[in-house]
Engineer: 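Could you have a look at this structure, given as structure tokens, before my questions?
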There are 2 protein chains.
Amino acid sequence: MDAAQINQVRRFNRTVTERVGVLHDHYLGRDRPIGEARLLWEIGEQGQDVRRLRERLGLDSGYVSRMLRSLEADGLVTVEPQPRDKRVRTVRLTDAGRTERAVLNGRSDELAGSLLEPLNTAQRTRLVAAMAEVDRLLTAATVTLDALDPDHPDARHCLRCYAGELQERFETGFDPARSLLPDAGELRSPHGLFLVARLHGEPVGCAGLKLPPGVPAEIKRMWVAPHVRGLGVARRILAELEARAAQHGHDVVRLDTNRALTDAIALYHSCGFSEVAAFNDEPYAHHWFEKRIAKQA
Amino acid sequence: MDAAQINQVRRFNRTVTERVGVLHDHYLGRDRPIGEARLLWEIGEQGQDVRRLRERLGLDSGYVSRMLRSLEADGLVTVEPQPRDKRVRTVRLTDAGRTERAVLNGRSDELAGSLLEPLNTAQRTRLVAAMAEVDRLLTAATVTLDALDPDHPDARHCLRCYAGELQERFETGFDPARSLLPDAGELRSPHGLFLVARLHGEPVGCAGLKLPPGVPAEIKRMWVAPHVRGLGVARRILAELEARAAQHGHDVVRLDTNRALTDAIALYHSCGFSEVAAFNDEPYAHHWFEKRIAKQA
DNA sequence: GCCATTACCTGACTAGAGTCAGAGAATGGA
DNA sequence: TCCATTCTCTGACTCTAGTCAGGTAATGGC
């Protein structure tokens, strides 16, 4: 990696942790420990399961429990067992909790204002644009890619979203029964694999890869959640699938797609795929692509 | 202030404190409290006075003292009284301290690397550029501007640098005795004022303003430290001086400058000053500028 | 119905970060 | 020379943040 780049990142880290980090804690934690403030924020308007909070904040279960007791004692939250599974408990904000949360939001605004305040208009615009870029790219960098079983809850979530979106976008709607969708077995070792992209632990994208011996690998059911589009997640998924296909001894990957998915088609072109004649009779496909890759095994 | 801007800044703060802040502490503090790590970093290669460390890090004197004892016990630093003023003590890194500091640096590199690692080349370039911009502008926003007495140590420091730089840049060198430099009294209330720009408590720029009744206000001895040029400090100083001149009932500010100071001349042009005929016989001046401002008092 | 597992809670800790009130030495100005 | 001030240090605190080792109730597969 480029030393000058590393250096710039380090300077950025120092400036930002000093300026933002310190202020952040100061503003937020004025009359409440930051731990609790973060918790209050993370609970959100509709409430959250305790396990989810723990996961999101990466904290010890005992620790979260204790903080919840404290918030409860202050009358800011209520904690109740879920009706379906009484082991799991759900935290909800009370009215007082909502008020407190609004106060924290106000502080957060103050802080943001204090960063912009000394700058002139042109500088503000540039700072905000640069922050948006950093935000976007750092978020992109936290997306993780894992091969999961297609029956894993996160995988199923993605597949449901995938089908839902096709139903909406295809001119003719989408009926899974009519499509050449692979069954789960085909996307599971040794016949293939299923990749799930996650951001902060939540599934935000997926793609399946069929690895039939002797013929090209095939990408199926690729999907990226609308709110993370533009972060390069699809590109990363493609690159990862190509690498895995190569590891399994394939030197060509191919895929089919529907003409309604214009953004996907543009992506395939820009990632080095070329359009080829139909290699299957998928009723929902209008375009077929393939890409030659460097075989590895 | 624009709500959309505030919002973007808040998102940035959240992403960055989570991603950078947390990691930062984790990496750095692996076998040493972050307080001490920061201290070790701030001491630097040539050593520092204790009071300076305290100032820079904004910490309680007792707290710093205790940390220094701990670093001393580990053989990483030595603390000795200054020869000139034995109340002040100077901290210096030992060889072991230097080694430890290098380790911390290495960690910092690792962290920077880990932020870039998941991204592709184009994304890395963009992230680094955006970080540089944020860094630059946040730094610019922390520069403070205060009116000080021209005899204040920070003011004197700036004036020494100012004279030194002119000596270097003017074709003919610079001899203060030959110049029409105002004496300190002229840059002190009620005859004028002296502005010092500081970054993290260190003086990084200055300018004097003469406020003679009935005639235009005059800007003298404007200087910005080389390492903060490009942050818009000079522009901020000018704006502040104009505002103060207006408050004192002036509607014109003027200044003279030497042809060697091309960057300054460009600045005056871009800030709305226009070149006028010589209004004094300053031997070192080649250009004279003035700007009409909105009178306020 | 049994038993491993899961989700949460409690109690007992540790360590880091920071504050506050003095004490003592050195300095500088009247 | 005296006295207020400056600079640093020490001791005695407080408060968060976080860890670890059980313990209890609910759940789900056999």
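All values below were derived from every heavy atom in this structure, side-chain atoms included, with hydrogens, water molecules and symmetry-related copies excluded. Naming: A, B, ... by sequence-line order, numbering from 1 per chain.
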Engineer: Looking just at side-chain N and O atoms, do A/Ser108 and B/Arg10 make a donor-acceptor pair shorter than 3.5 Å?
Structural biologist: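 Yes - a donor-acceptor pair under 3.5 Å links their side chains.
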Engineer: Can you see if the side chain of B/Arg54 gets near the phosphate of D/dC7 - specifically, an N or O under 4.0 Å from OP1 or OP2?
Structural biologist: no
Engineer: Calculate the interatomic distance between B/Ile34 atom CD1 and D/dA17 atom C1'; express it in whole Å.
Structural biologist: 11 Å
Engineer: Return the nearest nucleotide to the side chain of A/Arg66; candidates are D/dT8, C/dC9, C/dG11.
Structural biologist: C/dG11
Engineer: NA contact type, A/Gly35, heavy-atom cut-off 4.0 Å: base, sugar-phosphate, or nothing?
Structural biologist: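 Since only primed, P, OP1 and OP2 atoms lie under 4.0 Å of A/Gly35, the category is sugar-phosphate.
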Engineer: Are the charged groups of B/Arg89 and B/Asp49 less than 4.0 angstrom apart, N to O?
Structural biologist: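 So B/Arg89 does not pair with B/Asp49 through a salt bridge.
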Engineer: Between A/Glu240 and A/Arg244, does any side-chain N to carboxylate O distance fall below 4.0 Å?
Structural biologist: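 Salt bridge between A/Glu240 and A/Arg244, a charged N being under 4.0 Å from a carboxylate O: yes.
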Engineer: Tell me whether the OP1 or OP2 atom of C/dC9 has a side-chain N or O from A/Arg69 closer than 4.0 Å.
Structural biologist: yes
Engineer: Using whole Å, what does the distance between atom P of nucleotide C/dT6 and atom CD of A/Glu55 come to?
Structural biologist: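 These atoms are roughly 14 Å apart.
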Engineer: CD of A/Gln48 versus C1' of C/dA7: gap in Å, rounded?
Structural biologist: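 Rounded to the whole Å, the gap is 16 Å.
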Engineer: Between A/Tyr63 and A/Val88, which residue's closest nucleotide on DNA chain C lies nearer the 5′ terminus?
Structural biologist: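 The 5'-side residue here is A/Val88.
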Engineer: Let me spell it out: for each of B/Thr90 and A/Asp85, pick the nucleotide of DNA chain D with the closest heavy atom. Which residue's pick is nearer the 5' end?
Structural biologist: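 The residue mapped nearer the 5' terminus is B/Thr90.
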Engineer: With DNA chain D as reference, determine whether A/Leu59 or A/Lys86 sits nearer its 5' end, using the nearest nucleotide of each.
Structural biologist: A/Leu59
Engineer: The side chain of A/Asp60 lies closest to which of these nucleotides: D/dC9, C/dA7, D/dC20?
Structural biologist: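 That would be D/dC20.
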Engineer: Round to a whole Å and report the spacing from CD of A/Gln82 to P of C/dT6.
Structural biologist: 17 Å
Engineer: Taking CZ from A/Arg51 and C1' from D/dT27, how many angstroms apart are they, rounded to a whole number?
Structural biologist: 12 Å
Engineer: On the side chain of A/Arg87, is there an atom forming a donor-acceptor pair with the base of C/dT6 - under 3.5 Å, no angle test?
Structural biologist: yes
Engineer: What is the distance from CZ of A/Arg38 to P of D/dA17, rounded to the nearest Å?
Structural biologist: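 Computing the A/Arg38:CZ to D/dA17:P distance gives 8 Å.
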Engineer: Choose from D/dC9, C/dC8, D/dT8 the nucleotide whose nearest atom is closest to any side-chain atom of B/Leu68.
Structural biologist: D/dC9
Engineer: Hey, does A/Arg84 reach any base, or is it just sugar-phosphate, or nothing, if we go heavy atoms under 4.0 Å?
Structural biologist: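 The answer is sugar-phosphate, as A/Arg84 gets under 4.0 Å only of primed atoms, P, OP1 or OP2.
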Engineer: Could you state the atom-to-atom distance from CZ of A/Arg52 to P of C/dC8 in whole Å?
Structural biologist: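 Going from CZ in A/Arg52 over to P in C/dC8 covers 12 Å.
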Engineer: For A/Leu40 versus A/Leu76, what's the shortest heavy-atom pair and its separation?
Structural biologist: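 Closest pair (atom of A/Leu40, atom of A/Leu76, distance): CD2-CD1, 4.3 Å.
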Engineer: Calculate the interatomic distance between A/Arg32 atom CZ and D/dA17 atom P; express it in whole Å.
Structural biologist: 12 Å
Engineer: Salt bridge check, B/Arg32 against B/Asp74: does any charged N sit closer than 4.0 Å to a carboxylate O?
Structural biologist: yes
Engineer: So, under a plain 3.5 Å distance rule, would you say the side chain of B/Ser61 forms a donor-acceptor pair with the base of D/dC7?
Structural biologist: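 It does not, because no donor-acceptor pair links the side chain of B/Ser61 to the base of D/dC7 below 3.5 Å.
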